[in-house]
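Protein chains get the first letters and strands the later ones, always in sequence-line order, with residue 1 at the start of each. All of these numbers come straight from a predicted model, not from anything done at the bench.
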Number of protein chains: 2
Amino acid sequence: MGKQKDEARKLANQLCFAVYSTAHAFNKAYKPLLDPLGLTYPQYLVMLILWDEDEVTVKELGHRLQLDSGTLTPLLKRLEANGLVTRRRSEVDERRVVVALTAAGKALDAKAGEVPHKLFCATGMTLEGLNRMREELLALRGELTSSHDPGGAG
Amino acid sequence: MGKQKDEARKLANQLCFAVYSTAHAFNKAYKPLLDPLGLTYPQYLVMLILWDEDEVTVKELGHRLQLDSGTLTPLLKRLEANGLVTRRRSEVDERRVVVALTAAGKALDAKAGEVPHKLFCATGMTLEGLNRMREELLALRGELTSSHDPGGAG
DNA sequence: TACAATTTGATTGCGTGCAATTGAATTTTG
DNA sequence: CAAAATTCAATTGCACGCAATCAAATTGTA
């Protein structure tokens, strides 16, 4: 009695592990593509935003990547140490730190051009499939964040 | 020309980020459920296996969780320090380390009983939806690992 | 039995990821 | 304008996660 329900509920655990281990698999798939660029995957995510906009605050990066300053500050310092970005206080609000690309950082965009295509091939999926799974994951993420964050809809 | 293709290919990047950020969201959803048990999510994964089998080698844990000894050894030492598991060399092959539950480790199973149900509710998904997404993610993971691992199916 | 190759776990070093705290700058409020 | 509340980044401490390396045990082979 209830045994079937118990087994069914374990599916949530299994789905979480599937997400968890797929994230690791993505990381490993990116590694050989990003190593030649001298970037880790989270660093690459930051560079993608900067290649699109060039000047972004730490807060904005944190909002878009869902990461806090405890993660971003040291990551950005490493990008700075590698000569890819600069960090300076905003003139209008000195609490803000503006991250911007250096010439080397901008130049890296060209070298990274092949990455999305190679990743696409590595997934073995169709564009429709990619798009659908992305939507489903973002919907799930929304549910999860609203469930433990009192500010959410749930 | 090719612009549409370029945009389309970025979907792979976006899917990866969706997986990446959903994994973080799962972690945060688990945290309030696992904190009272004194477990982190990776530690919970190890305990799930042990609650099912009790005696497992480090190699077997690594195979099932897709983690290596660099991650598992310190994690298992923390579980041991917290009195939940024991670690001993196998008698038949002293290279192997057998991880087993203590009485406290076995007792924790009962306290963890509510976790899967609460997680299931947090996903807001149907059992069919959970099952389908899990299958799709595992298929994707298989593609990704075979793409950069020469030992795979190609 | 010797000796090389393999298996297994431990260690080291580096880079996230996050909760909690701190401190400076800004905004709000009386 | 001055005090309180808020915002923002930095810092600290802890726990993964992984590549590379090491050491011990086992297996294969002559």
Side-chain angles (χ1 to χ4, degrees), chain A residues 17 20-32 34-35 37-47 56-63 65-82 84-85 87-99 145 148-149, chain B residues 17 20-32 34-35 37-46 56-63 65-82 85 87-99 145 148-149:
Chain A
F17 178 68
Y20 167 86
S21 58
T22 303
H24 293 166
F26 258 123
N27 233 306
K28 289 178 187 171
Y30 267 107
K31 191 167 183 357
L34 297 181
D35 271 354
L37 309 180
L39 295 174
T40 65
Y41 178 66
Q43 290 170 6
Y44 174 66
L45 291 177
V46 169
M47 295 302 286
V56 184
T57 65
V58 173
K59 179 184 169 62
E60 178 66 16
L61 287 172
H63 175 68
L65 301 177
Q66 315 252 269
L67 297 171
D68 70 4
S69 66
T71 300
L72 286 174
T73 296
L75 184 156
L76 293 170
K77 283 185 177 177
R78 279 186 281 273
L79 287 179
E80 186 180 38
N82 292 341
L84 298 176
V85 307
R87 292 158 64 247
R88 59 175 163 73
R89 291 282 168 178
S90 162
E91 289 163 11
V92 298
D93 185 343
E94 294 203 359
R95 289 170 305 181
R96 297 169 194 260
V97 168
V98 178
V99 182
T145 54
H148 65 85
D149 174 13
Chain B
F17 177 68
Y20 168 86
S21 58
T22 303
H24 293 167
F26 258 123
N27 234 306
K28 289 178 188 172
Y30 267 107
K31 190 167 183 359
L34 296 181
D35 271 355
L37 308 180
L39 294 174
T40 64
Y41 178 66
Q43 289 170 6
Y44 174 66
L45 291 177
V46 169
V56 182
T57 65
V58 173
K59 178 184 171 64
E60 178 67 15
L61 287 172
H63 175 67
L65 301 177
Q66 316 251 272
L67 297 172
D68 70 3
S69 67
T71 299
L72 286 173
T73 296
L75 186 156
L76 293 170
K77 283 184 176 178
R78 280 185 283 271
L79 287 179
E80 186 179 37
N82 293 341
V85 308
R87 293 159 64 246
R88 59 174 165 71
R89 292 281 168 180
S90 162
E91 289 163 13
V92 296
D93 185 343
E94 294 203 358
R95 291 170 304 181
R96 298 169 194 259
V97 168
V98 178
V99 182
T145 53
H148 65 85
D149 174 14

Please tell me if the side chains of [X] and [Y] come closer than 4.5 Å, counting only heavy atoms from C-beta onward.
| X | Y | value |
| --- | --- | --- |
| A:Val97 | A:Arg89 | yes |
| B:His24 | A:Leu67 | yes |
| A:Asn27 | A:Thr40 | no |

Can you see if the side chain of [X] gets near the phosphate of [N] - specifically, an N or O under 4.0 Å from OP1 or OP2?
| X | N | value |
| --- | --- | --- |
| A:Thr71 | C:dG17 | no |
| B:Gln66 | D:dC18 | no |
| B:Arg87 | C:dG9 | no |
| A:Arg78 | C:dC14 | no |
| A:Lys59 | D:dA10 | no |
| B:Lys28 | C:dC18 | yes |
| B:Tyr20 | C:dT16 | no |
| B:Lys77 | C:dT11 | yes |

Between the side-chain atoms of [X] and the base atoms of [N], is any donor-acceptor pair under 3.5 Å?
| X | N | result |
| --- | --- | --- |
| A:Arg95 | D:dT7 | yes |
| B:Thr40 | D:dA15 | no |
| A:Ser69 | D:dA10 | yes |

Report the distance from atom [atom1] of [X] to atom [atom2] of [N], rounded to the nearest whole Å.
| X | N | atom1 | atom2 | answer |
| --- | --- | --- | --- | --- |
| B:Arg96 | C:dA10 | CZ | P | 14 Å |
| A:Leu34 | C:dT16 | CG | P | 11 Å |
| A:Glu80 | D:dA10 | CD | C1' | 14 Å |
| B:Leu65 | C:dG9 | CG | C1' | 16 Å |
| A:Gln43 | C:dG15 | CD | C1' | 8 Å |
| A:Asp35 | C:dG15 | CG | C1' | 12 Å |
| A:Asp68 | D:dT12 | CG | P | 15 Å |
| B:Leu61 | D:dG17 | CG | C1' | 16 Å |

(request) Please report the shortest heavy-atom distance between A:Lys28 and B:Gln66, naming the atom on each side. (result)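 What the structure gives for the nearest pair is NZ-O, 4.4 Å.
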(message) Just to be sure I understand the rule, does A:Leu72 reach a base, reach only the sugar-phosphate, or reach nothing, if contact means heavy atoms closer than 4.0 Å?
(response)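 A:Leu72: no heavy atom of the nucleic acid under 4.0 Å.
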(message) Using a heavy-atom cut-off of 4.0 Å across all strands, would you classify B:Asp93 as base, sugar-phosphate, or nothing?
(response)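 Answer is sugar-phosphate: B:Asp93 comes under 4.0 Å of backbone atoms only.
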(message) As a test of reading the structure: which of C:dG9, C:dT16, D:dA10 is closest to the side chain of A:Pro42, going by heavy atoms?
(response)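 Per side-chain heavy atoms of A:Pro42, the pick is C:dT16.
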(message) Measuring from the side chain of B:Thr73 (C-beta onward, heavy atoms only), which nucleotide among D:dC18, C:dT11, D:dC16 has the closest atom?
(response)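 Looking only at heavy atoms from C-beta outward on B:Thr73, the closest nucleotide is C:dT11.
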(message) Heavy-atom nearest nucleotide on DNA chain C for A:Leu67 versus A:Glu94: which residue maps closer to 5'?
(response)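 Looking at DNA chain C, the more 5' nearest nucleotide goes with A:Leu67.
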(message) Let me spell it out: for each of A:Pro74 and B:Lys31, pick the nucleotide of DNA chain C with the closest heavy atom. Which residue's pick is nearer the 5' end?
(response)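 That would be A:Pro74.
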(request) May I ask you to decide if B:Thr71's main-chain N or O and B:Asp68's side chain share a donor-acceptor pair within less than 3.5 Å? (result)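 Judged by distance alone, yes, a pair lies under 3.5 Å.
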(message) Less than 6.0 angstrom separating the ring centers of B:Phe26 and A:Tyr20, yes or no?
(response)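 So the answer is no for these two rings.
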(message) Quick check on DNA chain D: between A:His24 and A:Val97, whose nearest nucleotide comes earlier from the 5' end?
(response)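 Nearer the 5' end of the strand: A:Val97.
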